[in-house]
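Numbers restart at 1 for each chain; the letters A, B, ... are given by sequence-line order, proteins then strands.
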2 protein chains.
Amino acid sequence: MNTRGEMWQAEILRVLNRHHTPISAYDVLETLRETHEKISPPTIYRALSALTKRGRVHRVESLNAFIACQCGQHQHTSILSICEDCGAVEESVAPKILKDLSSVIGKSGFSPMRHVIEVHGTCASCGSRKAQS
Amino acid sequence: MNTRGEMWQAEILRVLNRHHTPISAYDVLETLRETHEKISPPTIYRALSALTKRGRVHRVESLNAFIACQCGQHQHTSILSICEDCGAVEESVAPKILKDLSSVIGKSGFSPMRHVIEVHGTCASCGSRKAQS
DNA sequence: CGCGCAATGTTATATAGTAACGTAATCGCA
DNA sequence: TGCGATTACGTTACTATATAACATTGCGCG
Ligand SMILES: [Zn+2]
Ligand SMILES: [Zn+2]
Ligand SMILES: [Zn+2]
Ligand SMILES: [Zn+2]
């Protein structure tokens, strides 16, 4: 059975949903340790990996961190816009870009399986805040 | 003077150019230790970071590894196609995709500074090898 | 029951990256 | 040239991220 595993996944998802920025596996670990003293890294990583497979959580490769999927629509490849000022991450879904991407890199015979698209920059509110000052 | 720093950059670039797959900073470290016993991680990371800024080396975020720029044209943002079979990485330059990407994520007011586009999959030769068997 | 399998827990370790500080080279300027 | 300020570099130690390996649990089934 996997009731325990599912329990960890649910707990971790709750932790991730309390944040609006990506957090590291070890941040999750520390948080869960407040209530479950004996939890250890492999448990966290197993659950995060299951959640990622199920599309409930996205791994932010360029930050080695994780964020709950915000776009309702799971099992998609999304574009992550990461504000380097406030840390906020926004998800966009753009099938056309994925298609163009496939066609560009497919020219050489490469067949894509997983896309990582992460854009670092400044979000709207941080941008206007900086423009003011 | 920064002749020492430039020397490390040159040595590291030589190491990276001997491989056709991304290698980790610590792989570089081990290799250089064969000839320079006392070299240490910060030296490697400083040089890698300078090389990355200069566009001579790309950091593969989804592998925590580095590869020498293969496309001659430095200081560009490139799309990396990573074969999960043989590890080979191919670079593509596609300004149109970057433009589309900016326009999609710009709708919400986000202004992009750095793009990370990495596609995992199977390269042409590994694909045909698998199709045969 | 009692064997076999798969999921989970546990310990330890591997891998990746950086802070902090001292020293040495370089620059700005009289 | 002399000399303080500044920056680059080396070195030590440490923090952060991730996984290997093995023990244990609990369930399915004859
Ligand atoms: Zn999502
Ligand atoms: Zn912001
Ligand atoms: Zn390149
Ligand atoms: Zn291949």
S.K.: At less than 4.0 Å, is any side-chain N or O atom of A:N64 found next to OP1 or OP2 of D:dA18? Yes or no.
M.R.: yes
S.K.: If only side-chain N and O atoms of A:R59 are considered, is one of them under 4.0 Å from the OP1 or OP2 phosphate oxygen of D:dT17?
M.R.: no
S.K.: Of the nucleotides C:dG9, D:dT11, C:dT18, which one has an atom closest to the side chain of B:P41?
M.R.: C:dT18
S.K.: Considering only side-chain heavy atoms of A:A25, which listed nucleotide, C:dA16, C:dT11, D:dA18, is closest?
M.R.: D:dA18
S.K.: Does the aromatic ring of A:Y26 sit over the six-membered base ring of D:dT17, closer than 5.5 Å centre to centre and tilted less than 30°?
M.R.: yes
S.K.: Within the side chain of B:E30, is there an N or O that forms a donor-acceptor pair under 3.5 Å with the backbone of B:A25?
M.R.: no
S.K.: Distance from B:L13 atom CG to B:L51 atom CG, nearest 0.5 Å?
M.R.: 5.5 Å
S.K.: Taking atom C1' of D:dA8 as reference, at what distance in whole Å does atom CE of B:M7 sit?
M.R.: 14 Å
S.K.: Round to the nearest Å and state the distance from A:I23 atom CD1 to D:dT17 atom P.
M.R.: 11 Å
S.K.: When you measure from the side chain of A:S40, which nucleotide among D:dA18, C:dT11, C:dA19 comes out closest?
M.R.: C:dT11
S.K.: What integer distance in Å separates A:L29:CG from D:dT19:P?
M.R.: 15 Å
S.K.: In whole angstrom, what separates A:H36's NE2 from C:dT10's P?
M.R.: 12 Å
S.K.: Between the base of C:dG17 and the side chain of B:R46, is there a donor-acceptor distance below 3.5 Å?
M.R.: no
S.K.: What is the distance, rounded to the nearest whole Å, between atom CZ of B:R33 and atom P of D:dT11?
M.R.: 11 Å
S.K.: Which heavy-atom pair separates A:R114 from B:S62 by the least distance, and what is that distance?
M.R.: NH2-CB, 4.5 Å
S.K.: Using whole Å, report how far OH of A:Y45 lies from C1' of C:dT8.
M.R.: 18 Å
S.K.: Tell me: CG of B:D27 to C1' of C:dA14, nearest whole Å?
M.R.: 13 Å
S.K.: Measuring from A:E84:CD to A:C123:SG, what's the distance to the nearest 0.5 Å?
M.R.: 11.5 Å
S.K.: Taking atom C1' of D:dA23 as reference, at what distance in whole Å does atom NZ of A:K38 sit?
M.R.: 14 Å
S.K.: Let me confirm one number: the CG-NZ distance from B:L98 to B:K96, rounded to the nearest 0.5 Å.
M.R.: 11.0 Å
S.K.: Report yes if a side-chain nitrogen or oxygen of B:W8 is closer than 4.0 Å to either non-bridging phosphate oxygen (OP1 or OP2) of D:dG10; otherwise report no.
M.R.: yes
